There are 4 protein chains.
Amino acid sequence: MPEKQARLLSAALDLFVEKGFHGTTIPEIARRAGVATGTVYLYFDGKERLVNEVLARVKGGLAGRLAREVPRGADIRAQFEAIWEVFTSFALANERALAFCDLHNHAPYVAPETLAVWEPARTLLDDHFRRGAAAGVYRPLPPALLRALVAGALFGVHKFSRAGELAFSREVLDQAREGAWAAVAAPPVTASAPTSVGRSPT
Amino acid sequence: MPEKQARLLSAALDLFVEKGFHGTTIPEIARRAGVATGTVYLYFDGKERLVNEVLARVKGGLAGRLAREVPRGADIRAQFEAIWEVFTSFALANERALAFCDLHNHAPYVAPETLAVWEPARTLLDDHFRRGAAAGVYRPLPPALLRALVAGALFGVHKFSRAGELAFSREVLDQAREGAWAAVAAPPVTASAPTSVGRSPT
Amino acid sequence: MPEKQARLLSAALDLFVEKGFHGTTIPEIARRAGVATGTVYLYFDGKERLVNEVLARVKGGLAGRLAREVPRGADIRAQFEAIWEVFTSFALANERALAFCDLHNHAPYVAPETLAVWEPARTLLDDHFRRGAAAGVYRPLPPALLRALVAGALFGVHKFSRAGELAFSREVLDQAREGAWAAVAAPPVTASAPTSVGRSPT
Amino acid sequence: MPEKQARLLSAALDLFVEKGFHGTTIPEIARRAGVATGTVYLYFDGKERLVNEVLARVKGGLAGRLAREVPRGADIRAQFEAIWEVFTSFALANERALAFCDLHNHAPYVAPETLAVWEPARTLLDDHFRRGAAAGVYRPLPPALLRALVAGALFGVHKFSRAGELAFSREVLDQAREGAWAAVAAPPVTASAPTSVGRSPT
DNA sequence: AATGAATGAGAATTCATTCAT
DNA sequence: GATGAATGAATTCTCATTCAT
């Protein structure tokens, strides 16, 4: 990829996160990338195409790493740790990219093709959680809900750290991992489930 | 409050959630509220003032309910349930409002005064989690991290439901509550810490 | 005339002078007059009608005073003094009104009918200067030029006083009168054309 | 200076004179300059900045010519003629510019920096009239009043010519010069002050 | 008569996009 | 390929005018 294109993608990512899609101007992106306004149109068909390109690369990169780094067929806990590790290292490597995923998910300017690059990852995660629930390792909940809880833990930490209430460090993310696991793991049946709230799941 | 002002606030909330701040136009808001464009400026000093007004009302309403409905000094679990219930019923009553809180939190157009209305709630929640951690009911983590985990559970469910992957119903939210509690609750010490993942926290 | 109408005319005069026609808003005029916006339309057909009304009253008042206070058929110098006195006392009584005449003379929003109210005064002044020139009291110049010189003296003093460079007082206006008279008076013929500029009068 | 910028300045000058600041629209200026609306903002920060730029150029040009063309230390009469000649040729070269100076002098949108470009000219003129009064060539009046009388003669002629009552020609301006000189020159003391009006200045 | 909330056309300004160089 | 001046449609905001009370 030409270097200017890469710089444009990076500048666009930053600015879209900071100011939103409609709040970011093309000349602004060009300036941050150190190129002329017109150059943006050499590499991208327009602003909408640009944001989709950014999103596709970010999501595609994450999906690819999940596909490569999560061991198929491994035991649930090992897979969980691999999944979490992929998200963690991705988030730590580029905080902006995570925020981008968070914010630009279902906006009107996001094309279906862009969302499609996430499909393999969605399937992978769904399979993981479905298998875990079936095995009794996870709570007997729909996989989407289990995913929502784990993703929520990650995004929650990320959001709070962006608000300045939390450091965004590996240490914090490791602690969050414990919470995320507990959120989805089937409670131990041995003891009288003392920490359960409300109706006990007996 | 004049009826037109209320309709404008509601229309603005909806549209800002759907299309973002910069992606929403004033005539659009006016049209949805059933008033003329100029009328918007009769009630709000400008677009920026309007979005702040919406955010302040939403956050203020939620903060107020927390202040009124969370029993001071009650036991941690009861407080947790009250907190969750406030968020749940708020989110169910106005799904848009929760999305609004999620999206428009630290944008450049949000004034510090607007964020200030959330301060009492932040304090209340911090106190709760600090107390719970001190009592050994919660994991020994910074209150902000505990808050992030619980908030993450809620926002995660909400986000997935907006993506169409999950229903946004009381039933789902009740299930999420179990997960949220488990995420922050101190693991039972009796058994050999079976829920711990990776390094044991010993 | 209803008191509100009078207050509106006065407020309009002030504001049009301060900020120009297009720079003044109807609600602003109403506020300064202490009435509601809608009331303006009870007394005037619109903004354009209002400015014409103001101009007609100011010019008409001045024209009327000239007609009444300048003695017909008197000697030129006496008439000159009467004319100057009318302008002086008018200007001192309402500085704003003079500025109004100065600024709003040939703007696109001034109707021909409005300008027509000045006709009698123009005729009166023209007759005066024509007569004075014919009698050899004034320089042998077109009456319009003589008028321009006298009016220029008055407006010059007024403009400089509005700029803060000069007091706008009877004393200053009296001194200006000497200059205005000298500007138009035929130079004494005794010496060899001593008032000519350029060639030395020696 | 780019040609488009020059055309914009010229178009703006014309239109501001014709219709006033608030009565002139930006698209109108652009159209007269033969450029697109947006182009105006390429060269000027906004309408207010534009009018100040026009005023500064006009006043600066005139002030520059005065500084260059009025001989320092020359005799009063020669200086007077030089001053009048600068104003005359300036006014004849660009009638609109003189009207612009006349109208847009102390409006709320004129920045102090803009007025500051006239300072050197003000000082030059003030020195001239102070010196002339001290030498007994001019009437013993404040320099500002002498300036007002001379400027009044010029502006008076100009205003009447804009009203269609007078041609705006070198011939008329030459005649006005005689009047302007007489307005400020000390009256000849030899004869019994026959041109004095009212109280004799003895 | 008087009000002032409501209107919507019109103004200033911005910015995605193009294109001559 | 690269540029950035130029464009004009779209946006925010204003304000003359109306009209129900």
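Nothing here was measured: the structure is a model prediction, and the numbers come from that model. In what follows, chains carry the letters A, B, and so on, assigned in the order in which the sequence lines appear, proteins first and then strands, with residues in each chain numbered from 1.
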Reading DNA chain F from 5' to 3', where do the contacts with chain B start and stop? Cut-off is 4.0 Å to heavy atoms. dT11(F) to dT14(F)
Rounded distance (Å) that lies between atom P of dA16(E) and atom CD of Glu48(A): 12 Å
Take atom CD1 of Ile26(B) and atom P of dT13(E), then tell me their distance rounded to the nearest Å. 18 Å
Flag, side chain of Asn52(B) to backbone of Ala111(B), donor-acceptor distance under 3.5 Å: yes
Could you identify the nucleotide paired to dT21(E), looking across every strand shown and requiring Watson-Crick or G-U wobble geometry with both distances under 3.5 Å? dA2(F)
Nearest-nucleotide 5' precedence on DNA chain E, Lys4(B) against Leu42(C): Leu42(C)
How about His22(D) and Tyr109(D): does a side-chain donor come under 3.5 Å of a side-chain acceptor? no
Mind calculating the distance between NZ (Lys47(D)) and P (dT14(E)) to the nearest angstrom? 14 Å
For Thr39(A) and Val35(A), indicate whether the former's side chain and the latter's backbone hold a donor-acceptor pair under 3.5 Å. no
Can a side chain N or O of Tyr41(D) be found less than 4.0 Å away from OP1 or OP2 on dT13(E)? yes
For the side chain of Lys4(B) and the backbone of Gly34(B), is there at least one donor-acceptor N/O pair under 3.5 Å apart? no
Salt bridge check: are Glu95(B) and Arg162(B) linked by an N-O gap of less than 4.0 Å? no
